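Residues: numbered from 1 along the sequence shown. Owing to the predicted nature of the structure, the values given are computational and were not obtained by experimental measurement.
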Amino acid sequence: MLTSAATLNSGSFGALAVTVTTNTSRIPFRRIQSAALRPSPPHHLHKPNVICTTIAAISRGWETTTSVKTAVAAVDSSSPAEKMQQKEASTKFYFAVANAKFMLDEEEHFQELLFERLRNYEERNKEQDFWLVIEPKFLDKFPNIAGRLKRPAVALVSTNAQWITFMKLRLDRVLSECYEADSLEEALASNPVDLEFKKPENWVAPYPKYEFGWWGPFLPPGVYEAKKE
């Protein structure tokens, strides 16, 4: 008859040892089974706490940066007058120019295009941003253009680059460029000149000819009022 006894050989996460005995002899039988457990990280290196601490630090840093930017923006805020001066100092003007007779007396659709745009601006309560300048002073900056023009010259000037490009394509026989000015007065400055166009002997068009002086509402601010007086 067999008798058996089991003994546990314990150790630090050691192996399990089983001894089987009979009545005649002692036969050791060992089956090693790994009982080692994955060691847990030291308590002072808990990653969740590190991550949370990092996120909190970043959040606090972002809040601090945002507060600083807000404070700087409040300090750097300018009055409306100062902003207007800064805006004027960096204004770019675009123009299409040709001789005065072509622009004011010969081009059949020019008057219609300008009055239609002015009417659209008035309906939308939009500030006018285009003008006609007779003998503009800024042409002195463009000798290559000035040398190709019959005088007196007339320029259509605007701060809207896309519209000037459209008008250049629409009018065709014009030259275009751009320049910068510190103020509207400087940008639209002109040399005094008297315009005089001869009336055609035979007007065959089905519509009446433009009246002399139709361009008055498109002259620079102050010029049109002075001419009316």
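- The side-chain hydrogen bond (donor to acceptor under 3.5 Å, both in side chains) test with Asn120 is passed by exactly one of Arg124, Glu116, Arg117: Arg124.
- The CG atom of Leu171 sits 7.5 Å away from atom CG of Leu156, with the distance rounded to the nearest 0.5 Å.
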(request) Could you check Glu122 against Arg119 for salt bridge (charged side-chain N to carboxylate O under 4.0 Å, His left out), going step by step and ending with a plain yes or no? (result) CA-CA 5 Å; Glu122 290 174 350; Arg119 182 189 63 80; over 6 Å; no
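- Of the possible polar contacts, one joining the Ser158 side chain to the Asp129 backbone as a donor-acceptor pair under 3.5 Å is found.
- Counting all heavy atoms, side chain and backbone alike, Ala98 lies closest to Leu149 at CA-CD2, 3.8 Å.
- Note on ring orientation: taking the six-membered ring where Trp is involved, the planes of Tyr179 and Phe95 are tilted (angle from 30° to 60°).
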(request) Report the C-alpha separation of Ile134 and Leu219 in whole Å, then their side-chain angles, then the decisive distance to 0.1 Å, and conclude whether the side chain to side chain contact (heavy atoms under 4.5 Å, CB included) test is met. (result) CA-CA 8 Å; Ile134 302 173; Leu219 296 177; 4.0 Å; yes
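- Here Trp163 contributes atom CH2 and Met167 contributes atom CE; the two are 5.0 Å apart, rounded to the nearest 0.5 Å.
- Relative orientation of the Phe93 and Trp131 rings is tilted, given thresholds of 30° and 60° on the angle between their planes.
- Note that CG of Asp105 is 13.0 Å distant from CE of Met103, once rounded to the nearest 0.5 Å.
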(message) Would Leu175 and Phe142 count as a side chain to side chain contact (heavy atoms under 4.5 Å, CB included) here? Give the steps.
(response) CA-CA 11 Å; Leu175 302 173; Phe142 304 95; over 6 Å; no
(message) What verdict does the side chain to side chain contact (heavy atoms under 4.5 Å, CB included) test give for Phe102 and Val174, after you've listed the backbone C-alpha separation in whole Å, the side-chain angles of each residue and the deciding distance to 0.1 Å?
(response) CA-CA 9 Å; Phe102 170 74; Val174 296; 4.1 Å; yes
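- For the pair Leu139 and Ala146, the tightest heavy-atom approach, listed with the atom from each and the gap, is O-CB, 4.0 Å.
- In this structure, CD in Gln162 is found 10.0 Å from OH in Tyr94, a value given to the nearest 0.5 Å.
- For the pair Trp214 (side chain) and Leu104 (backbone), a donor-acceptor distance under 3.5 Å is present.
- Residue Phe130 forms a side-chain contact (heavy atoms from CB on, under 4.5 Å) with just one option from Thr159, Ile164, Val157, Leu114, and that option is Leu114.
- Of the possible polar contacts, one joining the Glu135 side chain to the Ala153 backbone as a donor-acceptor pair under 3.5 Å is found.
- With hydrophobic clusters built from ILVMFWY side chains whose heavy atoms lie under 4.5 angstrom apart, Val97 does not share a cluster with Leu169.
- Here the CD atom belonging to Glu107 is positioned 13.0 Å from the NZ atom belonging to Lys101, to the nearest 0.5 angstrom.
- You'll find the side chain of Asn99 stays beyond 4.5 Å of the side chain of Arg151, heavy atoms only.
- With ring centers used as reference points, Phe218 lies under 6.0 Å from Phe115.
- Contact record, Val133 with Ala189: CG1-O, 3.9 Å, taken as the closest heavy-atom pair.
- For the pair Lys126 and Tyr121, the cation-pi test (distance below 6.0 Å, angle within 45°) is passed.
- Residue Gln128 qualifies as enclosed at atom CD: its count of foreign heavy atoms under 6.0 Å is above 12.
- The two residues Lys137 and Ser190 make their nearest non-hydrogen contact at CE-O, 3.4 Å.
- Rounded to the nearest 0.5 angstrom, Phe138 CZ and Asp140 CG are separated by 10.0 Å.
- Heavy-atom contacts from other residues, nucleotides or ligands closer than 6.0 Å to CZ of Arg148 number 12 or fewer.
- For Glu123, the CD atom is densely surrounded, since the number of other residues' heavy atoms within 6.0 Å is greater than 12.
- Crowding of Glu112 atom CD: a count of heavy atoms from other residues, nucleotides or ligands under 6.0 Å not exceeding 12.
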